[in-house]
Q: 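My structure is below; once you've seen it, I'll send some questions.
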Amino acid sequence: MALFFIFILLCLAIGFLATIVFGMFFLLVIALLTTSGILATSVLVGLYKNSLKSGFNTALLLAVLASAISICSGVGFLLAWFYHSSTMESILIGAGVGLIIGLPAYYIIKQLIRIVLNLFDIKY
């Protein structure tokens with residue numbers, strides 16, 4: 001009888017670990033697809049406009065927005081879990097807040113890059 005309970009606990013532990021591994025693999029695939037989409041879009045914009053600067057600006061804008069949206073959506077999910085509210089609404093609100101926060105963050109980062117490049121006298 002004790003062997004049966006050990007077997008059940010072992011099966012539950014293996015299932016739990018397999019779920020974690022598959023979940024992390026899924027998140028890694030999503031991150032890789034997003035990164036490749038950002039890079040491909042920035043290269044295409046740079047080639048279309050014949051400008052390395054426009055391609056870099058596109059990559060920076062998309063990376064900052066994707067980061068802000070994912071971070072704020074994660075915070076929204078955690079707040080929904082903590083306060084026992086609707087998960088989907090919290091994730092969508094977090095994505096909206098990430099979009100609103102991401103655009104000013106892009107312009108701030110862009111200005112910081114411009115200041116650093118001018119500080120070291122680098123022409124771009």
Q: Considering residues at least two apart in sequence or located in another chain, which fulfil the side-chain contact (heavy atoms from CB on, under 4.5 Å) criterion with L3?
A: none
Q: With L99, which residues qualify under side-chain contact (heavy atoms from CB on, under 4.5 Å), at least two apart?
A: L65, I69
Q: Is there a chain of hydrophobic side chains (I, L, V, M, F, W, Y, each step under 4.5 Å between heavy atoms) that links V64 to L103?
A: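 Same cluster.
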Q: For G94 and C72, which heavy atoms make the closest approach, and how far apart are they?
A: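 So the two residues come closest at O-CB, 2.9 Å.
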Q: Report the hydrophobic cluster partners of L92, with the cluster defined as I, L, V, M, F, W, Y residues connected by side-chain heavy atoms closer than 4.5 angstrom, directly or transitively.
A: M88
Q: Can you list, by chain and residue number, the hydrophobic cluster partners of V21 when the side-chain cut-off is 4.5 Å?
A: none
Q: For T19 and G15, work out which heavy atoms get closest and say how close.
A: OG1-O, 2.8 Å
Q: Please round to the nearest 0.5 Å and tell me the distance separating atom OG1 of T58 and atom OH of Y48.
A: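 That separation rounds to 12.5 Å.
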Q: Hey, could you give me the OG/CD1 distance between S86 and I91, rounded to the nearest 0.5 Å?
A: 9.0 Å
Q: Show me the donor-acceptor pairs, under 3.5 Å and distance only, between side chains in residues 23-45 and residues at least two apart or in other chains.
A:
{"from": "T34", "atom 1": "OG1", "to": "I30", "atom 2": "O", "distance (Å)": "2.8"}
{"from": "T35", "atom 1": "OG1", "to": "A31", "atom 2": "O", "distance (Å)": "2.8"}
{"from": "S36", "atom 1": "OG", "to": "L32", "atom 2": "O", "distance (Å)": "3.2"}
{"from": "S36", "atom 1": "OG", "to": "L33", "atom 2": "O", "distance (Å)": "2.9"}
{"from": "T41", "atom 1": "OG1", "to": "G37", "atom 2": "O", "distance (Å)": "2.7"}
{"from": "S42", "atom 1": "OG", "to": "I38", "atom 2": "O", "distance (Å)": "3.2"}
{"from": "S42", "atom 1": "OG", "to": "L39", "atom 2": "O", "distance (Å)": "2.9"}

Q: Test L112 against I108 for side-chain contact (heavy atoms from CB on, under 4.5 Å), laying out the working first.
A: CA-CA 6 Å; L112 287 174; I108 290 170; 4.2 Å; yes
Q: Before giving the answer on side-chain contact (heavy atoms from CB on, under 4.5 Å), spell out for F4 and I8 the whole-Å C-alpha distance, their side-chain angles and the decisive distance to 0.1 Å.
A: CA-CA 6 Å; F4 178 72; I8 295 294; 3.9 Å; yes
Q: Using the test side-chain contact (heavy atoms from CB on, under 4.5 Å), find all partners of F120 that sit at least two apart in sequence or belong to another chain.
A: V116, I122
Q: Mind checking what makes side-chain contact (heavy atoms from CB on, under 4.5 Å) contact with I93, not counting sequence neighbours?
A: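 Counting only residues at least two positions away or on another chain, I93 forms a side-chain contact (heavy atoms from CB on, under 4.5 Å) with V97.
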Q: Count the heavy atoms belonging to other residues, nucleotides or ligands that lie under 6.0 Å from OH of Y106, then report whether that count exceeds 12.
A: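 More than 12 within 6.0 Å, yes.
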Q: Could you check whether any side-chain heavy atom of L79 comes within less than 4.5 Å of a side-chain heavy atom of S90, counting everything from C-beta outward?
A: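 A side-chain contact is absent here, since even the closest heavy-atom pair is not under 4.5 Å.
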Q: Do L62 and L47 share a hydrophobic cluster (ILVMFWY, side-chain heavy atoms under 4.5 Å, transitive)?
A: no
Q: Checking one residue: L52. Which other hydrophobic residues are in its cluster under the side-chain 4.5 Å linking rule?
A: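 So far as hydrophobic clustering goes, L52 is joined with none.
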Q: Locate the shortest heavy-atom distance separating G98 from A68; write the atom from each residue and the value.
A: O-CB, 3.3 Å
Q: Report yes or no: do F77 and I71 belong to one cluster of Ile/Leu/Val/Met/Phe/Trp/Tyr joined by side chain heavy-atom distances under 4.5 Å?
A: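 They do not share one cluster, since no chain of ILVMFWY contacts under 4.5 Å joins F77 to I71.
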Q: Report yes if some heavy atom in the side chain of I113 is under 4.5 Å from a heavy atom in the side chain of I109; otherwise report no.
A: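 The answer is yes; the side chains approach within 4.5 Å.
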Q: Could you state the interatomic distance from NZ (K53) to CG (L60), rounded to the nearest 0.5 Å?
A: 12.0 Å
Q: What residues join L10 in its hydrophobic cluster, counting side-chain heavy atom gaps under 4.5 Å, either direct or through other members?
A: I14
